[in-house]
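Comments concern the structure below.
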Protein chains: 2
Amino acid sequence: MSISHLFKNAPLQLKAILRIVGEEEPIFGPGRLQLLENIEKTGSINQAAKNMGMSYKKAWQMISSMNTQAEKPLITTQTGGNSGGGAVVTDEGHEVMRYYQGLQKRFQAFLEEESKNLHV
Amino acid sequence: MSISHLFKNAPLQLKAILRIVGEEEPIFGPGRLQLLENIEKTGSINQAAKNMGMSYKKAWQMISSMNTQAEKPLITTQTGGNSGGGAVVTDEGHEVMRYYQGLQKRFQAFLEEESKNLHV
DNA sequence: TTTCGTTATTTCTACAAAGATATAACGACC
DNA sequence: GGTCGTTATATCTTTGTAGAAATAACGAAA
């Protein structure tokens, strides 16, 4: 039932990254969740990317991927204006965020339960 | 509760790769399980790697990583001999295989249950 | 002693992914 | 009309990873 005694580094861990994918291309995962959270906070793709230490290009690619796969965009953007423009998480975006957060919570619970089995 | 109606490609999927890790370095996962299965079958790292379309180098690195992290090696090898040498999965190796197989089964059950929630 | 297929290891090459850079367009505000 | 910070996009460069290739060592069997 246990396995940790077989290895030198006692603190064995279970890790997994949960992703929602469609037709090979990823739709949602932990990185995209964090990106949306930061866009919500800053109102800007640029600022959100900087906060995460991510290039604008990568952030934009993620958003483009999500939006093109979604019926309605998860994020809307506008260029120009007094602050130069900005980005907003739509209702649909919020819905996906909430769903994934719940999913991840249940997933973490599973991993923690199984982690107990690893040790003794 | 559902989310699939928000996306164009109806067949949404949940995907995750479960790994046992220790001190940052991976210890066991689906690729290593498959490798051990093939070594069991062929008695050779070389043949196992070929069966999987994997380079010998990569296979050897996986084995080296597992063995150095384990108290006792999961795989033993010998060079030379009538057939040139070979590799054998040890009792400890089998124990890890069995554990991971059970773990993965429970994991798949979790994913399938959650996948139902994605649709309708 | 030669042959053979394997393990074990290093080095080189190629390619893909990531990042940096550059540039255009936009529109509210002054 | 000029300024500003942003979105949007193309292109170039760098870097990291994977794989290919080469080589040595090994030991049973012929």
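Each chain gets a letter, A, B and so on, in the order the sequences are listed, and its residues count up from 1.
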Quiz item: Choosing from D:dT6, C:dA8, D:dG19, which nucleotide comes nearest the side chain of A:Gln47?
Solution: D:dT6
Self-check item: Nearest-Å distance for atom pair CD/P, residues B:Gln78 and C:dC4
Solution: 21 Å
Quiz item: Any side-chain heavy-atom pair from A:Ile3 and B:Phe28 closer than 4.5 angstrom?
Solution: no
Exercise. Would you indicate which nucleotide in C:dG19, C:dT6, D:dT7 comes nearest to any side-chain atom of A:Ser55?
Key: C:dG19
Self-check item: Atom-pair distance (CE on B:Met52; P on D:dG19), nearest Å
Solution: 11 Å
Quiz item: What's the NZ-P distance between B:Lys50 and D:dG19, to the nearest Å?
Solution: 15 Å
Practice problem: Please report the closest heavy-atom contact between B:Ser65 and B:Glu25, naming both atoms and the distance. | Solution: OG-OE2, 3.0 Å
Practice problem: Output the single nucleotide from C:dG19, C:dT6, C:dT11 whose closest atom is nearest the side chain of B:Lys57. | Solution: C:dT11
Quiz prompt | Nearest-nucleotide comparison on DNA chain C, the residue closer to the 5′ end among A:Met54 and A:Thr79 | solution = A:Met54
Quiz prompt | Whole angstrom value for the distance that separates C1' of D:dG19 from CD of B:Gln61 | solution = 11 Å
Self-check item: Rounded interatomic separation in angstrom, taking CD1 from B:Ile63 and C1' from C:dT7
Solution: 10 Å
Quiz item: Think B:Thr77 has a side-chain N or O under 4.0 angstrom from the OP1 or OP2 of C:dA8?
Solution: yes
Quiz prompt | Closest heavy-atom pair and its distance - A:Leu12, A:Ser4 | solution = CD1-CA, 3.7 Å
Exercise. Please state how far atom CG in A:Asn46 lies from atom C1' in D:dT9, giving the value in whole angstrom units.
Key: 14 Å
Quiz item: Taking A:Arg19 for the side chain and B:Leu14 for the main chain, is one N or O donor matched with an acceptor at less than 3.5 Å?
Solution: no
Quiz prompt | Nucleotide C:dA8, atom P - distance to CD1 of B:Ile75 in whole Å | solution = 10 Å
Practice problem: State, without any angle test, whether B:Glu40 and B:His94 hold a side-chain donor-acceptor pair at a distance under 3.5 Å. | Solution: yes
Exercise. Find which nucleotide of DNA chain C each of A:Asn82 and A:Lys58 is nearest to by heavy atoms, and output the residue with the more 5' nucleotide.
Key: A:Lys58
Quiz prompt | Interatomic distance where CH2 belongs to B:Trp60 and P belongs to C:dT10 [whole Å] | solution = 8 Å
